[in-house]
Amino acid sequence: MSKLIDGKLVAQSLKKEIKDEVLKLNKEGINVGLAVILVGDDPASHIYVKNKAATCDTLGIKSFEYNFSNNASTKEILSSIEKLNNDSRVNGILCQLPLPYTIDKKAVIEAISPIKDVDGFHPVNTGKMLSGYGELLPCTPSGIIKLLDYYDIKIEGKNAVVIGRSDIVGKPLAVMLSKRNATVTLCHSKTVDLKSITKTADILISAVGKEGLISADMVKSGATVIDVGINRTDKGLVGDVCFDEVSKVAGYITPVPGGVGPMTIASLMFNTVKAAKIQNGMKI
Ligand code: GUN
């Protein structure tokens, strides 16, 4: 039976550190603020944004919410971002994805000032990350690395297999694991014989969004399995991994919910404080 990686617990411990850090900044006369832009009526996005604002509240971070309807124009969103770029109360700006197809996502991402880009999606920040000196790194991948570190799961020299090559998770995670000296394989929908590759993984990360994708026969005995999938089913929220059977084979495993999800939000708060420090010329 594998050990459970408790994302809620690790996120709580990280959030405690962040709260202390915010208090320290407040004492120096620095307030921390995060602006969240939401476009459209995607129910899941509404829940995520609400959770982000609630977490800000518990940590002493001021949150600013901007809601746009489904028929908002790219121009309106860009103009709101420009105001936030120049608003000194706002240290971090996040535009919740996915955006409606009518919105120019690239223009939105590029409009956010790189020093306020707490998602780490701006090309300046992805470029810095690739070069190995990134400061604002994407939240879900950095949350995953923090989980591995918390449980002392060695990354260096290990075979890490990442499934899914999204800009938000798979691609940046592959870069970050490689920086930590893992041997990384990045799999995707066109990968041939996925099982033969996942079987080699010491660390297996699934970030696809397909219920039941990872069965026990695809997992090496003792491997660490990280499930980034969020699938809404009749049984409730499930990941990509067949948890009951895979937990009998894996060494460590994350649950869904309560695994990676809480770490994404904690990492966002971490980035917001980091951004505030950068903007105030402080050491990070
Ligand atoms: N949608 C799903 N994950 C994320 C994320 O990390 N950031 C943003 N902005 N949108 C998302």
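Both counts, for ligands and for their atoms, begin at 1 and track the order of listing.
The shortest N or O to N or O distance between Asp119 and ligand 1 is below 3.5 Å. At a 3.5 angstrom cut-off on N or O pairs, Pro98 does not count as close to ligand 1. Considering backbone and side-chain N/O of Leu94, none are found under 3.5 Å from N/O of ligand 1.
With a 4.0 Å cut-off on non-hydrogen atoms, Ser45 does not touch ligand 1 at all. With a 4.0 Å heavy-atom cut-off, ligand 1 is reached by no atom of Tyr48.
Summary of contacts: the protein heavy atom closest to atom 1 (N) of ligand 1 is Leu97 O, 2.9 Å. Nearest to atom 3 (N) of ligand 1 among the protein's heavy atoms is Ile168 CG2, 4.0 Å.
Atom CG of Leu173 sits about 5.0 Å away from atom CD1 of Ile144, to the nearest 0.5 Å.
Relative to the six-membered ring of Phe64, Lys62 meets both conditions, a distance below 6.0 Å and an angle of at most 45° to the axis. The side-chain tip of Lys146 points at the ring of Phe270 from less than 6.0 angstrom away and within 45° of straight on.
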Side chain to side chain contact (heavy atoms under 4.5 Å, CB included) evaluation trace for Asn31 with Asn26: CA-CA 5 Å; Asn31 292 316; Asn26 290 161; 3.3 Å; yes

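The closest approach between any non-hydrogen atom of Cys95 and ligand 1 is below 4.0 Å.
Between Val108 and the options Leu78, Val39, Leu97, a side chain to side chain contact (heavy atoms under 4.5 Å, CB included) holds for only Leu78.
A donor-acceptor pair is defined here as one N or O able to donate and one able to accept, closer than 3.5 Å; such a pair exists between the side chain of Lys116 and the backbone of Leu84.
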